[in-house]
S.K.: 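Let me give you the structure first, and then I'll get to my questions.
A quick note: this is a predicted structure, and the numbers were derived from the prediction, not measured. Counting starts at 1 for both ligands and their atoms, following the listed order. Sequence positions, counted from 1, serve as the residue numbers for this chain.
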Amino acid sequence: MQTTRFSQFDIKPIVQVSPTTTLHRKTTSPRRLSPVFAVSSPTATSPSRGHQVTHSMPPEKLEIFKSLESWVSESILPLRKPVEKCWQPIEFLPDPSQGPDGFTKEVRALRQRVFGLSDEYFVMLVGNMLTEDALPTYQTLFNTFDGVRDETGSSPCPWAIWTRAWSAEENRHGDLLRTYLYLSGRVDMLMIEKTLQYSIGAGIDIGAENNPYLGFVYTSFQERATFLTHGNMARLAIQGGDPVLARICGTIAADEKRHENAYTKIIEKLLEIDSNTTMLAIANMMKKRITMPLHLMYDGQDPNIFEYFSAISQKEGVYTSRDYAEILEFFITRWELEKLEGLTGEARRAQDFVCGLPRKIRKLENRAKKLESRRVKFSWIFNKQVNV
Ligand SMILES: [Fe+2]
Ligand SMILES: [Fe+2]
């Protein structure tokens with residue numbers, strides 16, 4: 001088996017050894033990552049980008065977000081699903097109210113269903129679950145965005161109402177996957193729980209600069225990426241003989257699609273009223289590269305765990321550099337970026353850069369060297385080895 005090297009996208013990993021000193025860290029692994037998986041975590045506390053720009057949106061732009069509040073109420077808040085119409089994790093899990101015999105029977109059936117799923121599949125499912133379960137990190141991040149943050153924790157501002165509702169919907173994803181993994185008996189919950197604690201402690205650095213233009217570009221991209229990821233996990237669950245897990249992943253994917261729609265509409269609206277700034281924001285985030293959430297993931301043992309998890313997702317076709325290019329192409333079409341007119345010179349250059357990027361990514365991908373795959377052990381599956 002071979003895997004692909006994407007060294008052209010590498011960002012050198014860093015380790016912060018003191019509050020003021022940042023060193024490049026030597027990794028033991030060859031860099032073989034796609035553009036989406038470019039940063040790894042050596043410690044639970046290190047910032048990943050080495051520099052952090054803050055509050056890059058000029059204060060006068062706050063008015064734009066204020067003026068959009070009624071539009072958010074009319075066009076974005078309806079994309080929430082009422083709680084009474086939402087699925088809940090227990091609907092997909094063994095029902096403890098059936099009494100001990102019925103519950104045990106259902107747990108046994110679950111454990112038999114997952115029998116045909118590979119260790120690689122479980123590593124990906126754990127990584128995806130942790131990505132969902134680190135939700136406090138994302139809600140915190142959203143509340144760093146100027147002009148749209150929840151100022152009180154229960155603010156009636158429509159932007160804040162959306163963020164809380166989004167968080168509440170997302171919260172079910174991690175809960176469901178985590179309980180399913182626990183009952184499967186295939187994973188080391190202690191190591192998974194430690195990874196989650198390290199990871200939430202480490203946080204996330206997407207380079208959004210407290211800037212909602214940048215933040216909403218990221219969330220648009222990320223929701224689509226998770227939609228594709230969970231959808232591919234559903235497909236593999238069917239192949240592995242677990243239709244219930246397939247339904248779980250498919251149901252989560254449907255939520256992600258609805259969220260993608262919300263964030264995509266926000267960028268569409270910003271393009272309509274402030275095309276120059278929005279076009280520059282899209283280019284800004286694409287230059288930084290959209291990093292998967294939880295890129296600072298750490299299990300207390302393996303500093304390369306995020307890289308390995310990402311490499312498996314790439315190899316198994318669950319989330320690949322091809323997907324990255326396709327997501328970008330999707331947004332170029334959806335936001336009609338090629339047709340934008342009347343831009344400033346700088347925004348026109350940003351437009352050219354973004355519209356030409358998918359072709360460049362594909363070209364680099366085709367030219368990328370093939371690397372031998374190798375065996376790597378994962379704490380999440382009791383230190384068993386998988387192909388990376
Ligand atoms: Fe999610
Ligand atoms: Fe989502």
S.K.: Would you check if there is a donor-acceptor pair between the side chains of Gln222 and His259 at a distance under 3.5 Å?
M.R.: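 No, because no side-chain N or O of His259 sits under 3.5 Å from a partner of the opposite role on Gln222.
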S.K.: Less than 3.5 Å apart, any donor N or O on the side chain of Thr277 or Asp274 sitting next to an acceptor on the other?
M.R.: yes
S.K.: As a test of reading the structure, name the N/O/S atom of Glu223 that is nearest the Fe ion (ligand 2).
M.R.: OE1
S.K.: Please give the atom name: the N, O or S atom of Glu170 nearest to the Fe ion (ligand 2).
M.R.: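 Looking only at N, O and S atoms of Glu170, the one nearest the Fe ion (ligand 2) is named OE2.
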S.K.: Determine, using ring centers only, whether Phe221 and Tyr324 are less than 6.0 Å apart.
M.R.: yes
S.K.: Ring centroids only, cut at 6.0 angstrom: are Trp159 and Phe65 within range, meaning strictly under it?
M.R.: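 Centroid separation for Trp159 and Phe65: below 6.0 Å.
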S.K.: Rounded to the nearest 10 degrees, what's the angle ND1 of His173 makes with OE2 of Glu132 at the Fe ion (ligand 1)? Could you check?
M.R.: 110°
S.K.: Identify, by name, the N, O or S atom of Glu256 lying closest to the Fe ion (ligand 2).
M.R.: OE1
